[in-house]
Amino acid sequence: MGSLSVRKSKRIEGLVQSDIRRMTLECNRLGGINLGQGICDMPTPPEVLEATQAAVAEDLSVYSRYDGVEPLRAQIAAKMEAHNKRPTDPESEVVVTIGSTGAFACTCQAMLNPGDEVILFEPYYGYHRNTLTVAGCVPRFVPLAPPDWKLDRAMLDAVVTDKTRAILINTPSNPSGKVFGREDLEVIAGFCQENDLLAITDEIYEYIVYDDAEHISLATLPGMRERTVTMSGFSKTFSITGWRLGYAVAPPEIAGPIGLVNDLCYICAPSPLQYGVAHGMAKLNDSYYTQMRDMYQVKRDQICAVLEAAGLPPIRPQGAYYVLADVSRLGRSTAREASMAILEQVGVASVPGSAFFTGEVGESLVRFCYAKEDEVLEAACERLARLA
Ligand code: GLN
């Protein structure tokens with residue numbers, strides 16, 4: 001009798017638990033304040049909570065259509081037209097998914113083959129990179145340089161090959177906070193069309209943009225609607241990161257295959273939560289979104305000022321709710337060491353910059369998440385100030 005030889009798949013070879021999650025464990029172990037993982041524990045709007053409680057109480061608990069319940073698809077389509085300026089057919093162009101993470105995983109499975117190359121901007125969100133790896137795709141990195149993360153066409157031409165099939169744009173970006181402006185998007189749109197690429201956008205932080213930055217959806221640029229998957233979700237907008245509700249919007253020829261994979265993997269997103277979010281979206285008006293953005297801008301300014309004074313110069317984000325700070329002054333040789341030193345010395349968790357870069361640049365950076373209630377952020381800032 002031979003023993004069973006259990007081997008893990010080649011697809012996940014070399015992958016380990018993310019530094020984002022690892023730092024949460026370290027933070028809990030040491031009893032710190034967690035500015036590492038983008039948990040976003042701000043209160044959920046009562047409109048969303050109450051409608052969801054009602055949906056549970058009304059027993060709206062059976063499978064939904066694989067692409068989502070009708071009221072939520074209708075709300076997403078209306079939002080896509082009013083906010084993103086991409087008119088959308090709720091019947092054929094929307095797939096409600098398990099978070100925007102689920103939208104991306106389904107898009108990769110539905111639209112890409114093993115060996116396909118996909119362009120990612122660096123710094124990247126590690127889950128994008130690793131999801132591509134699990135799909136057998138090869139990420140090709142376009143490094144953008146701080147502080148303005150400027151992009152030009154030559155950078156894209158330098159990485160494209162005859163195997164390139166897609167490009168991923170995360171705007172506002174995690175972790176850099178870059179908001180891709182119209183000029184950037186025009187460069188990307190021209191590049192996609194000349195090279196016949198699929199564009200996949202992750203716009204999960206779309207409502208969190210600061211100062212005069214404007215969120216623009218790539219799908220609205222001429223010639224891009226037919227080749228773009230627009231992904232977003234409700235985690236950040238309604239502070240419901242654990243509900244796992246997101247969506248992909250794409251032309252029917254693309255939304256169809258994404259929906260097929262979504263059905264196979266998940267059947268559907270949790271039904272009562274879908275009804276709750278749909279009702280919440282219908283009730284909340286523009287002022288909700290504006291107030292949220294203004295609140296995050298105050299938090300951004302607060303933590304940037306503290307980091308500056310502490311000698312950890314921040315790279316001021318234009319959007320999202322993370323800030324990268326230069327930790328060179330702490331004299332550690334890696335970002336992991338610097339991040340652990342900050343946690344051990346003052347009890348604030350961050351994510352090492354190396355989680356977001358292939359090269360050395362990340363080793364002198366750490367990422368702080370400021371999606372925290374005022375008292376918690378205040379306490380974290382007091383602690384960080386002690387590093388001065
Ligand atoms: N998107 C969040 C972050 O970047 C959370 C991701 C996660 O928990 N894995 O921190």
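One-based numbering, in listed order, for ligands and for the atoms of each.
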Distance-only donor-acceptor hits, side chain of residues 323-331, under 3.5 Å, sequence neighbours excluded:
residue	atom	partner	partner atom	Å
D326	OD1	S328	N	2.8
D326	OD1	S328	OG	2.4
R329	NE	G311	O	3.2
R329	NH2	A310	O	2.7
R329	NH2	L387	O	2.8

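Within 4.0 Å of ligand 1, protein heavy atoms come from I20, Q37, G38, Y125, Y127, N174, Y205, K236, Y322, R367.
Neither side chain, R336 nor T334, offers a donor N or O lying under 3.5 Å from an acceptor on the other.
The shortest non-hydrogen separation linking E226 to I254 is O-CD1, 3.8 Å.
H128 meets the ring-ring contact (aromatic ring centres under 6.0 Å, His included) test with F104, Y125; sequence neighbours excluded.
Listed by chain and number, the hydrophobic cluster partners of V6 are L4, where partners are ILVMFWY side chains within reach of under 4.5 Å, directly or through others.
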- Would you please test K79 and Y247 for side-chain hydrogen bond (donor to acceptor under 3.5 Å, both in side chains) and show each step? CA-CA 12 Å; K79 172 261 175 196; Y247 54 90; 2.8 Å; yes
